[in-house]
Amino acid sequence: MNFAFGGTGVFDTLVALPNMTTQIDFLQELLSNKVYTWPDLQSSVALVSIAGNDYSAYLARGGSFQTLQSFIPLVVDQLVVDLKRLHGMGMKKVAVTALEPLGCLPQATVASSFQECNGTQNTAVTFHNLLLSQAVTKLNNETKDSSFVILDLYASFMSVLENKADHLGIYLYTFLLFFFFSLFGTEILRQLVFIFIYFFYSGSSKFENPLKPCCMGLSSKYSCGSVDESGAKQYTICDDPESAFFWDTVHPTQQGWNAVYSALQGTLQQLHSLC
């Protein structure tokens, strides 16, 4: 079941869609109508995800980064209320996402021509994640029959973003390796080298410029997918989307999410062991 709505948060945001409290109300309604039962929830895993929309709305409504520090505890406190409510409904296994490094999203890095993350925004994210970690630890201590797990998107994103590819060096090394074994290697060795090269590139999570999105507006007044009055597109798309970590100014590409997923394997294994 999916109760999420894009652009929402624990509080009302800039989109007129149900916040997290109302989304949980929808689940409660299904339970009340016997569509699902309490035992169903006990054998299920809930994924609770917020992506920073509460903070975007706060800043858009006149808030500042100076006062954001006092708003962050309110967001985390409401998130904890929602987590407790899910537990009270019978959900014994809950995964909650830490915030990704919002200061590394292209909408923030555009100011540096996509060369560096915004430290101010990431400091606020770190504070949010610290409060969330403390709250989840407390919840696990208070509810011995439940397991709350944090999916650390911040660390996963950063492990990929900081792992830039040196494509020139990689290509040169690959060429020399393939050339050498083509001349002097046996057929078996040549096949092994080919397999190595294939899996190396197919499994690589390195991106040449991970902060730069694939799809961008032609100017600051346009965004990915924008068209003008005549219907002409006002955006560009990179030649190789699979080489980009970000698709647009906020969303990773499929390849980007695949890299994040790979970096999350440790936490996902922990979650799997609870099921």
Side-chain angles (χ1 to χ4, degrees), residues 6-9 11 13-15 49-72 74-76 97-132 152-167 205-228 232-257 259-260 263:
T8 61
F11 298 125
T13 58
L14 299 178
V15 297
S49 174
I50 62 171
N53 295 314
D54 292 290
Y55 301 127
S56 298
Y58 176 81
L59 295 172
R61 290 166 176 158
S64 66
F65 281 105
Q66 288 70 31
T67 58
L68 185 63
Q69 295 292 319
S70 62
F71 180 64
I72 292 175
L74 301 181
V75 172
V76 175
T97 59
L99 275 183
E100 68 271 31
L102 300 178
C104 296
L105 302 185
Q107 66 180 7
T109 64
V110 64
S112 64
S113 298
F114 309 113
Q115 295 303 306
E116 60 183 14
C117 299
N118 184 300
T120 300
Q121 292 188 31
N122 280 351
T123 296
V125 170
T126 300
F127 182 47
H128 168 98
N129 289 341
L130 173 63
L131 295 183
L132 177 62
D152 194 350
L153 291 183
Y154 189 96
S156 300
F157 266 66
M158 293 305 295
S159 70
V160 177
L161 296 176
E162 293 175 348
N163 192 25
K164 293 183 180 181
D166 177 11
H167 286 296
S205 61
K206 292 187 176 184
F207 300 89
E208 188 170 4
N209 185 1
L211 300 181
K212 185 177 181 179
C214 176
C215 184
M216 296 186 293
L218 295 179
S219 68
S220 59
K221 64 184 289 189
Y222 297 111
S223 59
C224 177
S226 293
V227 295
D228 62 17
K233 69 176 186 178
Q234 299 298 312
Y235 62 93
T236 60
I237 298 177
C238 62
D239 294 332
D240 182 15
E242 290 191 358
S243 68
F245 178 79
F246 284 106
W247 168 248
D248 56 18
T249 58
V250 291
H251 302 106
T253 60
Q254 181 173 329
Q255 192 73 7
W257 275 121
V260 171

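All of these numbers come straight from a predicted model, not from anything done at the bench. Atoms considered below: every heavy atom in the structure, side chains included; atoms not considered: hydrogens, waters and symmetry mates.
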ask   = Do the non-hydrogen side-chain atoms of Val110 and Thr249 ever get within less than 4.5 Å of each other?
value = no

ask   = Is any side-chain heavy atom of Phe207 closer than 4.5 Å to a side-chain heavy atom of Asn163?
value = no

Listed pairs under 3.5 Å, donor-acceptor, residues 54-62 side chains, sequence neighbours left out:
| unit_1 | atom_1 | unit_2 | atom_2 | d |
| --- | --- | --- | --- | --- |
| Asp54 | OD1 | Val10 | N | 3.3 |
| Asp54 | OD1 | Phe11 | N | 2.9 |
| Asp54 | OD2 | Val10 | N | 2.9 |
| Tyr55 | OH | His128 | ND1 | 2.7 |
| Ser56 | OG | Gly52 | O | 3.4 |
| Tyr58 | OH | Thr67 | O | 3.3 |
| Tyr58 | OH | Thr67 | OG1 | 2.6 |
| Arg61 | NH1 | Asp12 | O | 3.2 |
| Arg61 | NH2 | Thr13 | O | 2.7 |

Might you point out which heavy atoms bring [X] and [Y] nearest each other, and give the distance in Å?
| X | Y | value |
| --- | --- | --- |
| Val250 | Leu105 | O-CD2, 3.9 Å |
| Leu131 | Ile72 | CD1-CG2, 4.0 Å |
| Val75 | Ile50 | CG1-CD1, 4.3 Å |
| Leu161 | Cys104 | CD1-CB, 3.6 Å |

task = Could you check Ser223 against Gln234 for side-chain contact (heavy atoms from CB on, under 4.5 Å), going step by step and ending with a plain yes or no?
result = CA-CA 8 Å; Ser223 59; Gln234 299 298 312; over 6 Å; no

Spatial distance of atom CG (Asn129) from atom CG (Asp152) [nearest 0.5 Å] = 6.5 Å

task = To the nearest 0.5 angstrom, please state how far the CD atom of Glu100 sits from the OH atom of Tyr154.
result = 11.0 Å

query = Between Asp248 and Tyr235, is a side-chain contact (heavy atoms from CB on, under 4.5 Å) present by the stated rule, with each step listed?
reply = CA-CA 11 Å; Asp248 56 18; Tyr235 62 93; over 6 Å; no

query = Of all residues at least two apart in sequence or in a different chain, which pass the side-chain hydrogen bond (donor to acceptor under 3.5 Å, both in side chains) check with Asn53?
reply = none

Worked verdict on Gln115 versus Asn209 for side-chain contact (heavy atoms from CB on, under 4.5 Å) = CA-CA 8 Å; Gln115 295 303 306; Asn209 185 1; 3.9 Å; yes

For residues 214-221, dump all side-chain donor-acceptor pairs below 3.5 Å to protein atoms at least two apart in sequence or in another chain.
none

Show me the donor-acceptor pairs, under 3.5 Å and distance only, between side chains in residues 238-247 and residues at least two apart or in other chains.
| unit_1 | atom_1 | unit_2 | atom_2 | d |
| --- | --- | --- | --- | --- |
| Asp240 | OD1 | Glu242 | N | 3.4 |
| Ser243 | OG | Asp240 | O | 2.6 |

remark   = For Thr109, the side chain to side chain contact (heavy atoms under 4.5 Å, CB included) test, sequence neighbours excluded, returns Pro106, Ser112, Phe114, Leu211

Contacts under 3.5 angstrom, residues 116-126 side chains, donor-acceptor by atom type, not counting sequence neighbours:
| unit_1 | atom_1 | unit_2 | atom_2 | d |
| --- | --- | --- | --- | --- |
| Asn118 | OD1 | Thr120 | N | 3.0 |
| Asn118 | OD1 | Gln121 | N | 2.9 |
| Asn122 | OD1 | Gly103 | N | 2.8 |
| Thr123 | OG1 | Gly119 | O | 2.8 |
| Thr126 | OG1 | Asn122 | O | 2.8 |

